[in-house]
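Proteins come first, then strands; the chains are lettered A, B, ... in the order of their sequence lines, and each starts at number 1. Treat the numbers as computed from the prediction; the structure is a model and nothing was measured. Because only heavy atoms are used, hydrogens play no part in the values below, and waters and symmetry mates are left out as well, while side chains stay in.
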Amino acid sequence: MHSYNPSAIETKWQKYWLENKTFKTPTDTSKPKFYVLDMFPYPSGSGLHVGHPEGYTATDIVARYKRMNGFNVLHPMGWDAFGLPAEQYAVKTGTHPKITTEKNVNKFREQLQAIGFSYDWDREINTTDPDYFKWTQWIFLKLFERGLAYEDEVAVNWCPELGTVLANEEVIDGKSEVGGYPVVRKPMRQWVLKITEYAERLLNDLEDLDWPESLKDMQRNWIGKSIGAEVDFQIKDHNDKLTVFTTRPDTIFGATYMVIAPEHRLVNEITTDDQKDAVAKYRAEVELKSDLERQELTKEKTGVFTGAYAINPANGKEVPIWIADYVLVSYGTGAIMAVPAQDERDWEFAEKYDLEIVRTVQPEEGFEGKAYTGNGPAINSDFLNGLKIKEAKQKIIRFLEEKGAGKKAVNYKLRDWLFSRQRYWGEPFPIIHVDGEAKAISKDELPLELPEVEKYEPTGNGEPPLANATEWVKTTDPETGKEAIRETNTMPQWAGSCWYYLRYISPDFDGGPVDPDYEKYWMPVDLYIGGAEHAVLHLLYARFWHKVLYDCGILSTKEPFQKLVNQGMILGEMEYTSKDGKKLSDDEVEKKGDGFVEKSTGAKVEARAHKMSKSRGNVINPDNIIAQYGADSLRLYEMFMGPLEQVKPWSTKGVEGVNRFLNRAWRLLINEDSGELNSKINDGEPTKDQLKVLHEAIKKVTEDIESLRFNTAISSLMIFTNEANQWNTIPKSIAQDFVILLSPFAPHFCEELWKLMGNNDSIAYAEWPEFVEEYLKEDSILYPIQINGKVRSEINIPSDKAMDKEFVLEQAKQEEKIKEYLESSEIIKEIFVPKRIINLVLKPR
RNA sequence: GCCCGAGUGGUGGAAUUGGUAGACACGUUGGACUUAAAAUCCAAUUCUAAUUAAAUUGGAGUGCCGGUUCGAGUCCGGCCUCGGGUACCA
């Protein structure tokens with residue numbers, strides 16, 4: 001028997017591709033290029049899950065399709081291999097993270113190769129490889145040189161359990177994203193990158209990118225640009241001014257008090273003697289709160305009067321200055337003018353502490369709420385009275401500018417990027433400290449490698465693990481010969497992934513991170529596919545570094561990723577759970593009304609697919625799927641499930657379905673007894689019908705791959721086999737084109753068939769067929785006939801008459817059933833849509 | 001709260017510009033082949049009513065309510081539910 005045997009075919013072709021370097025990236029730059037990129041994985045110890053191959057299969061199909069269309073394709077893979085799990089394992093077992101990482105990488109590589117991805121493995125990169133992170137360090141030095149990397153004493157998110165500082169983005173609901181441990185605020189010396197300097201460009205350049213609009217919105221929200229004014233309030237009996245940022249300068253006449261953040265630098269100076277104790281007590285309380293507590297306590301606002309007053313520059317009135325933790329020290333100026341009448345937070349606070357409220361915007365009629373944030377004319381505002389918000393804003397800003405008490409201003413939510421971690425397994429900073437000053441080491445000394453250490457834990461006093469490597473830490477400044485101390489923080493995991501897409505272009509280039517000639521050819525990335533979890537962090541950071549490198553003259557492009565698509569998550573199999581948490585099988589339940597009920601009891605049942613997780617026990621391992629059905633079935637199923645971007649539940653039955661399709665296609669073309677080509681296949685001329693069926697498939701598959709609609713592409717290939725199964729003979733040319741169309745989806749399967757059809761070269765570079773419009777023409781067009789918008793009958797019209805309105809309508813009226821309707825009614829309107837539909841609007845006589 | 005996205009058969013989904021809703025699969029049911037099973041092949045499968053041996057014919061139907069249109073899954077207005085992001089950002 002020579003039935004379809006995936007395991008034999010697949011290992012054979014995987015070996016062939018590797019040995020023949022079938023997917024080696026061309027180095028000539030004469031042909032058009034296409035750069036298809038996957039978000040590279042962190043090689044975790046648990047290996048691939050079925051979510052990984054989803055995006056990877058999508059890009060692989062595009063890569064293979066583009067090659068067959070004459071493009072030079074860059075389709076690489078690598079490892080984002082610095083990271084916490086390997087380090088935690090090292091802490092526990094003493095195994096060097098390098099060893100763990102290497103093991104995991106080998107496992108991942110094997111798994112990816114077993115799915116038949118057409119990566120150019122000669123360009124594999126690894127962020128932990130010194131030859132790679134040499135350039136990560138080099139780029140950091142560029143940032144340092146340009147003043148974009150600086151040290152600061154910042155209150156950071158300190159996670160005692162993890163022994164490290166976390167970025168804001170790594171803290172979720174006051175807990176660490178990894179592990180869910182509590183996080184507290186603690187001031188520490190940290191490296192920070194000035195991403196805020198690029199805020200405006202990061203915002204504006206989103207415009208021309210072919211990214212999902214929702215994702216652009218997420219980045220826009222994250223950057224959080226707001227336009228308003230900075231206003232100076234003179235502090236009574238002090239030389240200092242209090243500067244606030246506001247988006248509503250038009251409401252300044254309603255500013256009845258001020259609030260400054262408890263950490264604000266002026267707090268001590270302005271607090272009066274009789275308020276000192278209260279203020280000190282309040283600040284101590286705030287300091288002790290963890291992030292979590294701060295968030296939980298949002299419902300109840302708290303604050304303390306400082307005893308000081310500020311002078312409202314608009315009307316000269318004295319207003320009290322309070323401190324309260326609902327004002328954040330890190331946004332704007334850390335101080336606000338409170339306008340309770342037009343701001344909900346201020347209203348709440350004013351109500352609680354009995355502060356004055358003055359409306360300065362006339363609320364709409366019937367408004368019964370508290371703070372009014374809607375539109376309306378200004379009131380109680382002297383020279384602004386009667387103006388709309390927009391005009392009032394302009395006028396008050398002019399007034400303040402003339403008075404020297406304020407100016408138009410822009411603020412961003414985006415903060416500078418906290419760039420150091422107290423970990424071992426990360427890129428060391430190429431920095432030494434001489435006389436307490438940070439100083440770059442020479443670029444000749446790169447890569448600065450990690451020292452060997454005995455223990456991977458932080459030191460007892462909160463110093464990073466590298467501080468344990470005393471010999472490495474103590475060094476001398478080669479320029480001055482002075483004693484120097486190495487930086488013991490390391491870079492965060494984002495560092496390596498900020499520029500990896502550039503290294504693939506010229507992985508062995510030693511004159512810089514990327515060879516400029518090839519960069520000009522290959523950049524930007526034409527298609528980048530990955531998970532939505534990187535919507536803001538990785539994608540924003542990478543864009544930032546890219547722009548810096550552009551400014552350094554190293555890159556020719558302003559943006560790295562022209563087109564970006566997020567693949568949707570794959571959930572576990574659908575589960576039916578009864579109220580008491582009992583799992584039910586699908587034949588124990590039935591549909592009733594909106595939901596499902598248990599057959600035996602009639603009780604409501606929850607029907608839902610859940611995220612795959614070890615604890616739920618619903619994780620699907622791709623290795624098992626491959627062992628049972630083959631990699632081609634896995635690829636096909638992952639694409640057939642539904643639209644790429646969508647969240648969808650896994651169904652192993654569905655894999656069987658596509659596997660059946662491959663078996664049917666095999667039997668269509670191969671004689672299972674002899675293992676040779678089916679005798680139905682001959683060198684005859686294709687019939688008109690065969691050409692039509694084939695070219696319909698060509699058209700659909702081509703268009704669908706271009707727009708990443710793989711599910712419908714596969715369905716059209718199924719339609720082809722269903723049709724072809726009914727043919728007595730199949731012209732070889734038709735069979736070959738079909739195999740080419742299927743090959744990006746099921747490459748091993750198609751290589752084998754291609755070979756059996758007598759071709760000696762890999763199908764990977766076969767020419768993609770072009771569809772011919774002529775073959776798609778129908779002999780006749782079927783017109784549905786509607787009466788008052790409801791289909792009542794249909795007629796067949798020969799193609800050459802199909803556009804003839806008069807003729808078609810006449811035929812329609814002659815149709816038996818339609819005639820009946822016409823007997824008792826008169827036609828008041830006739831609708832004719834060429835090649836689509838006829839609609840007769842009737843009125844009873 | 002705010003910003004996105006999505007609701008279509010028992011299930012995953014299709015219908016891309018408003019033009020026969022349910023392609024293609026899964027599942028289910030019946031049949032063929034088989035000693036039997038698996039595999040395979042054939043047929044049916046939105047709900048509902050009538051009648052029937054079959055065919056057929058009618059009504060309803062794309063989360064809910066309303067609108068525009070000869071015609072709405074698709075466009076507009078108002079809701080509901082679910083998912084994602086974000087949250088004292090002044």
Can you give one letter per nucleotide of [range], 5' to 3': B if a protein heavy atom sits under 4.0 Å from the base, S if only from the sugar-phosphate, - if neither?
{"range": "nucleotides 76-87 of chain B", "result": "---------SS-"}
{"range": "nucleotides 42-49 of chain B", "result": "--------"}
{"range": "nucleotides 21-31 of chain B", "result": "--BBSSS----"}

Could you state the atom-to-atom distance from [atom1] of [X] to [atom2] of [N] in whole Å?
{"X": "Met574(A)", "N": "rG13(B)", "atom1": "CE", "atom2": "C1'", "value": "12 Å"}
{"X": "Leu328(A)", "N": "rC88(B)", "atom1": "CG", "atom2": "P", "value": "7 Å"}
{"X": "Lys225(A)", "N": "rA90(B)", "atom1": "NZ", "atom2": "P", "value": "13 Å"}
{"X": "Lys216(A)", "N": "rG5(B)", "atom1": "NZ", "atom2": "C1'", "value": "16 Å"}
{"X": "Lys648(A)", "N": "rA14(B)", "atom1": "NZ", "atom2": "P", "value": "10 Å"}
{"X": "Glu638(A)", "N": "rG13(B)", "atom1": "CD", "atom2": "P", "value": "14 Å"}
{"X": "Asp343(A)", "N": "rC2(B)", "atom1": "CG", "atom2": "P", "value": "15 Å"}
{"X": "Ile570(A)", "N": "rG13(B)", "atom1": "CD1", "atom2": "P", "value": "12 Å"}

With sequence neighbours left out, the residues meeting side chain to side chain contact (heavy atoms under 4.5 Å, CB included) with Gln628(A) are none
State which residues pass side chain to side chain contact (heavy atoms under 4.5 Å, CB included) with Arg667(A); sequence neighbours excluded, sorted by chain then number. Asn663(A), Arg664(A), Glu672(A)
Base rU16(B) paired with Lys700(A) side chain (donor-acceptor, <3.5 Å): yes
In whole Å, what separates the [atom1] atom of [N] from that of [M]?
{"N": "rU46(B)", "M": "rA25(B)", "atom1": "P", "answer": "15 Å"}
{"N": "rG30(B)", "M": "rU20(B)", "atom1": "C1'", "answer": "29 Å"}
{"N": "rA6(B)", "M": "rG61(B)", "atom1": "P", "answer": "24 Å"}
{"N": "rG12(B)", "M": "rA23(B)", "atom1": "P", "answer": "15 Å"}
{"N": "rG13(B)", "M": "rU17(B)", "atom1": "C1'", "answer": "22 Å"}
{"N": "rC2(B)", "M": "rG19(B)", "atom1": "C1'", "answer": "39 Å"}

Distance flag, aromatic centroids of Tyr257(A) and Phe349(A), threshold under 6.0 Å: yes
Ring centres of Phe640(A) and Phe745(A) under 6.0 Å apart? no
In plain terms, say whether [X] and [Y] are close enough for a salt bridge, that is, a side-chain N and a carboxylate O under 4.0 Å apart.
{"X": "Lys648(A)", "Y": "Glu638(A)", "result": "no"}
{"X": "Lys301(A)", "Y": "Glu351(A)", "result": "no"}
{"X": "Arg792(A)", "Y": "Glu815(A)", "result": "no"}
{"X": "Glu773(A)", "Y": "Lys699(A)", "result": "no"}
{"X": "Lys225(A)", "Y": "Glu200(A)", "result": "yes"}

Touch class at under 4.0 angstrom, heavy-atom based, for [X] against every strand present:
{"X": "Glu703(A)", "value": "nothing"}
{"X": "Pro212(A)", "value": "nothing"}
{"X": "Leu782(A)", "value": "base"}
{"X": "Asp704(A)", "value": "base"}
{"X": "Ser226(A)", "value": "sugar-phosphate"}

Arg660(A): which residues meet the salt bridge (charged side-chain N to carboxylate O under 4.0 Å, His left out) condition with it, sequence neighbours left out? Glu656(A)
Partners of Lys692(A) by salt bridge (charged side-chain N to carboxylate O under 4.0 Å, His left out), sequence neighbours excluded? Glu696(A), Glu778(A)
Using the six-membered ring wherever Trp is involved, compare the ring planes of His534(A) and His538(A) and label them parallel, tilted or perpendicular (cut-offs 30° and 60°). perpendicular
Hey, what are the protein-to-nucleotides 58-64 of chain B N/O distances that come in under 3.5 Å?
| from | atom 1 | to | atom 2 | distance (Å) |
| --- | --- | --- | --- | --- |
| rG59(B) | OP2 | Arg792(A) | NH1 | 3.2 |
| rA60(B) | OP2 | Lys790(A) | NZ | 3.0 |

Do you know the tightest heavy-atom contact between Asn839(A) and Asn788(A)? OD1-N, 3.5 Å
State the dot-bracket string of RNA chain B. Criteria: Watson-Crick or G-U wobble, both atom distances under 3.5 angstrom; notation: ( ) intrastrand, [ ] crossing earlier pairs, | interstrand, . unpaired. (((((((..(((......[....)))((((((.......))))))(((((.....)))))..(((((..]....))))))))))))....
Which pairs count as salt bridge (Lys or Arg N to Asp or Glu O under 4.0 Å) when at least one residue sits in residues 246-258 of chain A, sequence neighbours excluded? Arg248(A)-Asp250(A)
Determine which pairs satisfy salt bridge (Lys or Arg N to Asp or Glu O under 4.0 Å) with at least one residue from residues 823-832 of chain A, sequence neighbours left out, and list them in order. Lys813(A)-Glu830(A)
Could you identify which residues of residues 826-836 of chain A place a heavy atom less than 4.0 Å from some atom of RNA chain B, listed by residue number, or say none? Lys829(A), Ile831(A), Val833(A), Arg836(A)
